[in-house]
**Student:** 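Can you keep this structure in mind? I'll have questions shortly.
Side-chain atoms are counted along with the backbone in the values below, which use heavy atoms only and exclude waters and symmetry mates. Quick note on labels: first sequence line is chain A, next is B, and so on, each numbered from 1.
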Amino acid sequence: MPQGIKDKVAILGMGCSRFGERWDASPEDLMVEAYNEAMSDAGITPEQLDAAWFSTHMEDVGTGRGGIPMGIALRLPNIGVTRVENFCAGGSEAVRAAVYAVASGACDIAIALGVEKLKDTGYGGLPVATVGTYIPQWYPAAVAPANFAQLAAAYRAKHGVDAATLKRAISHVSVKSHANGAKNPKAHLRKEITIEQCLNAPTIAQPLGLFDCCGVSDGAAAVIVTRPEIAREMGKKDLVTFKALQLAVSNGWEMSGSQWDGSYVHTARIASRKAYAEAGIKNPREEISMSEVHDCFSITELVTMEDLGLSDEGGAVRDVLDGKFDADGAIPCQIDGGLKCFGHPVGASGIRMLYEMYLQLLGRAGERQLANPRTGLIHNLGGQPNQNVCSISIVGREGE
Amino acid sequence: MTIGITGYGVYIPHLRLSRKAVVDANAWFAPNLKGKGRGHRSMANWDEDAITMAVAAARDALPESVDRQAFAKVMLASENLPFAERLNAGILAGALGLADDVVANDLGGAQSIALSSLAQAVSAAKADAEASLLVAASHRRTRAASAQELDYADGAAAITVGTENVLAEVLASASHTVDFVDHFRLQGEEIDYHWEERWVRDEGIAKLGPKSVNAALEKAGINAADVNYFIFPSVFKKADAQLAKRCGINEAAVVDNFSAELGDCGTAQGLIMLAGVLESAQPGQIIVLSQFGSGCNTVVLRVTDAISGFKPVRGLAAQLASGKEETSYTRFLAYKGQLKLERGMRGEQDKKTALSTSYRHHKSLLGFIAGRCKESGDVHFPPSRISYTPGNHVQDTQEPYSLADKRGKVLSWSAEYLSSYMAPPHQYGQVDFIGGGRVLMEFTDVAPGDIDSGFEVEMVFRVKDIDELRGYKRYFWKAKPVSYNNADSSAAAE
């Protein structure tokens, strides 16, 4: 068994831009917003950064390739900047790289920054992507909502849930996230909605309607990490440390055999189980105070509650409708509004999730502050249900 | 040695355009067409063309019992093959999984071409006992508010010709070739130009037809009065009966040309009608099949005792009885490329095909060949060098395994309105193949509500994408509900 990352690395500072349709901001502007806040929170100068990891997904419509866009935008002092791309989980991957660099002792202080500029395409939704030269010749030109909507079809078939009940449950997911997002000044969508609005919204991909889909947003987020002893030397108290960083990536099993039933995300189950072990968590329902999960679509969040073991298999519909994951529920989920309302600038999302957990653990979340959270779980999923990368990070207060 | 037809099949597209919808839409401009607003014509979906319909007809003519490797020759006849350069019959051969050493030809130029090709196939059988596959497909464009728009139809037919298990012996054939131009179309043009119907009928069909029919009957040693079925496709009313009369063939022998509910499938129509006849013909019966075009070609056939031993996979009667009525004239125009729809920015995605990649994977892409692991039996699409079953990695254990003729069940699906798609909503999902294999694939010919988890689907070869910038099409397999095969409530009805 590897030693794991628990309590070896602490967060020195974090920053996050306002998310949304940032017609006013270029990728460089968004990076600077997140960077300035993180650097000021950390209380360091650029010369103290040893290395940087940079996450951006859609280089063609956004920011450009390689480490150069970040190096130039932030005028970094010629340190190493490595671009990380792992679908929507790229942000968490940049964090993992920076954390590992610091934990190894190769670096003292490292920064991970994610940015995505999606709103320069001229249309709503994610930019149309082309993948290689072979796959488009046989794979449907599938869009994300329809890929994830299939979870609903398979979930209904497996658990015998009728369409109306499932639609009501996933609508509850979105209503909850809108209520949370309304309290977040940096969120893209800040309006509360009703169940009826959800149920009656135009269909995007059956059974998902407009309000079942997350915002497509511009934004950036950054985290600066170091070892706890360095943070303490710099005068930091109440450290937030990493308890687990796990990543599981599909190997084609879901797509080739017939064992996977299509109703859940296989990698999420593997990564969360490993993360709990790394963090020393025996009973996640008791020990996880809150979560930020990859709610690209309402149905994704619902099945994720089962994948993370926070709901029984087949029990998420009931738990969601009972309010277990609402702001005042047992394990609040998407307290910042989630992808749904905070928004989803792809390369930045994983770091944005970490940002909320960090604020909550330090008691800095303002109007949406939860009472005394101890441990936060971040689920950052990239790809689609039948082939994906799933990152699970757990953070908490040092020594707990 | 008996030489003749050893198998037959047809393909009629799922969509049947209401002629009333067409004449109503055009009534402001062409009130003279009002009288033609009865019945239906078949209509290719946006992802169908002469190649995909040819593949479908050939598959109808090739039940599992037929050895596809046995064909020495494949011929694809059409007035509208998609590619002017790139062997269309080569795509057909690839999709059907014919032998690599098959001789493949594209044929065109006149609607009688399928019959002259049949004569060639007979010669090949005579010389070397070779088996041939002959497919004719029609996917013509017509001008909006024209008579042809209402008369013409999309469809395909296939026959196999050889010396074993002959269902209908070819007794004789005769050609009469003359540059009689009833219609024409230059290379690169899309729509035919027609001369006056009365002249074509009286000076063409009435005079040239008997020369070919009589010559063929004479060669076959058959009396005109003994002909049981006379097949002569024509969009002109009664032209078939008038020709029969001129040749001394009984009026009762004239075979219905399906103008009411199918329309005229050009090059393919003669073979479609022949397939219809063969579905119910009795041993000993005489069939005369004649088709007009730059002259006239005729074939005389005698049904053998083997006729009851062959059944096409679905056949004509079943396909005519199923199908779905289409009442949107603008959909028809759009699918025929005559109405440019606003497809939004998502429709601007570049569909460039890497031809080197296509060739590297041509067996998988055209033939839907997966890889089946010898050790675990797991089926992988696309095939891969490493097979993975949890706990067991093995390498280079996969053998070619075709999914084209396997049925599947829908595991998960969705129907979305986001992407740029010619038949919204765009429906796709994961299909679990009976016998193994799982592929995320598109559903075609489907309307909202036609797909759900657990539904059974079968595979069809269709256009995957069209690269309008460079003028290229790529093809792949899609899933279609098996329930469409039932002639039930979805049948075109009026």
**Student:** Looking at every non-hydrogen atom in both residues, tell me the closest pair between B:S364 and A:Y134 and how far apart they are.
**Tutor:**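 Closest approach of B:S364 to A:Y134, heavy atoms only: CB-OH, 3.6 Å.
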**Student:** Within a strict 4.5 Å, meaning less than it, do heavy atoms of the A:T121 and B:M345 side chains meet?
**Tutor:**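 A:T121 vs B:M345: side chains apart.
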**Student:** Quick check on A:F87: does its CZ atom have over 12 non-hydrogen neighbours (other residues, nucleotides or ligands) under 6.0 Å away?
**Tutor:**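 Counting other residues, nucleotides and ligands, CZ of A:F87 stays at 12 neighbours or fewer.
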**Student:** Could you go through B:M441 and A:Y139, starting from their C-alpha distance and side-chain angles, then the distance that decides it, and tell me whether this counts as side chain to side chain contact (heavy atoms under 4.5 Å, CB included)?
**Tutor:** CA-CA 6 Å; B:M441 55 195 311; A:Y139 204 77; over 6 Å; no
**Student:** What's the separation between atom CD1 in A:I135 and atom NE2 in B:H361, rounded to the nearest 0.5 Å?
**Tutor:**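 Going from the CD1 atom of A:I135 to the NE2 atom of B:H361 covers 9.5 Å.
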**Student:** Taking only residues two or more places apart in sequence, or in another chain, which ones meet B:Y417 in a ring pair (Phe, Tyr, Trp, His ring centres under 6.0 Å)?
**Tutor:**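 Checked B:Y417 against ring pair (Phe, Tyr, Trp, His ring centres under 6.0 Å); zero matches.
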**Student:** Highest number of heavy-atom pairs under 4.5 Å with chain B: which of A:A152, A:A146, A:P385?
**Tutor:**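 Between A:A152, A:A146, A:P385, the count favours A:A146.
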**Student:** So what's closer than 4.5 Å to chain A heavy atoms on B:D465: side chain, backbone, both or neither?
**Tutor:**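 The side chain, not the backbone.
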**Student:** Show the nearest heavy-atom pair for residues A:A141 and B:H426, with the distance to one decimal.
**Tutor:**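 Closest heavy-atom pair between A:A141 and B:H426: O-CE1, 3.9 Å.
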**Student:** Looking only at heavy atoms and a cut-off of under 4.5 Å, which of A:Q259, A:R156, A:E254, A:K158 has the most pairs with chain B?
**Tutor:**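 Between A:Q259, A:R156, A:E254, A:K158, the count favours A:E254.
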**Student:** Heavy-atom distances under 4.5 Å only: say whether B:L365 touches chain A with side chain, backbone, both or neither.
**Tutor:**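 For B:L365, the contact with chain A is made by the side chain alone.
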**Student:** Against chain B, label A:A157 side chain, backbone, both or neither, depending on which of its atoms sit under 4.5 Å from a heavy atom there.
**Tutor:**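 For A:A157, the side chain is the part near chain B, not the backbone.
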**Student:** Taking C-beta and beyond as the side chain, do A:P136 and B:R474 meet within less than 4.5 Å on heavy atoms?
**Tutor:**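 Sidechains of B:R474 and A:P136: in contact.
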**Student:** Hey, what do you get for CZ (A:F148) to OG (B:S414), rounding to the nearest 0.5 Å?
**Tutor:**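 Interatomic distance, A:F148 CZ to B:S414 OG, rounded to 0.5 Å: 12.0 Å.
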**Student:** So, for A:W138 and B:F381, is the gap between ring centers shorter than 6.0 Å?
**Tutor:**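 Ring-ring flag for A:W138/B:F381: true, centres closer than 6.0 Å.
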**Student:** Where do A:P145 and B:L418 come nearest, in terms of heavy atoms and distance?
**Tutor:**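 Looking at all heavy atoms of both residues, the shortest contact is CG-CD2, 3.6 Å.
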**Student:** Report yes or no: does A:S258 contribute a side-chain atom to a donor-acceptor pair with the main-chain N or O of B:D432 at less than 3.5 Å?
**Tutor:**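 Flag not set: sc A:S258 to bb B:D432 has no pair under 3.5 Å.
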**Student:** Answer whether the closest heavy-atom distance between the side chains of B:R438 and A:W260 falls below 4.5 Å.
**Tutor:**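 The answer is yes; the side chains approach within 4.5 Å.
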**Student:** Show the numbers, then the answer: is there a side chain to side chain contact (heavy atoms under 4.5 Å, CB included) between A:V143 and B:Y428?
**Tutor:** CA-CA 10 Å; A:V143 294; B:Y428 41 88; 3.4 Å; yes
**Student:** Sorted by first residue and then second, give each side chain to side chain donor-acceptor pair (under 3.5 Å) pair with at least one member in residues 143-154 of chain A; sequence neighbours left out.
**Tutor:**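 As it turns out, the side chain to side chain donor-acceptor pair (under 3.5 Å) pairs with a partner in residues 143-154 of chain A, which skip direct neighbours, are A:N147-A:Q384, A:Q150-B:S412.
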**Student:** Under the rule for salt bridge (charged side-chain N to carboxylate O under 4.0 Å, His left out), what residues qualify as partners of A:D295, not counting sequence neighbours?
**Tutor:**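 Listed in chain order: nothing, the list is empty.
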**Student:** Take B:E416 and A:I204, measure what side chain to side chain contact (heavy atoms under 4.5 Å, CB included) needs, and give me the verdict at the end.
**Tutor:** CA-CA 6 Å; B:E416 51 95 351; A:I204 302 294; 5.6 Å; no
**Student:** If the contact rule is any heavy atom under 4.5 Å from chain A, which residues of residues 443-464 of chain B qualify, in numerical order?
**Tutor:**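 The residues closer than 4.5 Å to chain A, in numerical order, are B:D452, B:S453, B:K464.
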**Student:** Could you check which of A:M255, A:Q137, A:Q206 has the highest count of heavy-atom pairs closer than 4.5 Å to chain B?
**Tutor:**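 Heavy-atom pair counts peak at A:Q137.
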**Student:** Indicate yes or no: at least one non-hydrogen side-chain atom of B:R346 is less than 4.5 angstrom from one of A:Y123.
**Tutor:**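 Yes - at least one pair of side-chain heavy atoms lies under 4.5 Å apart.
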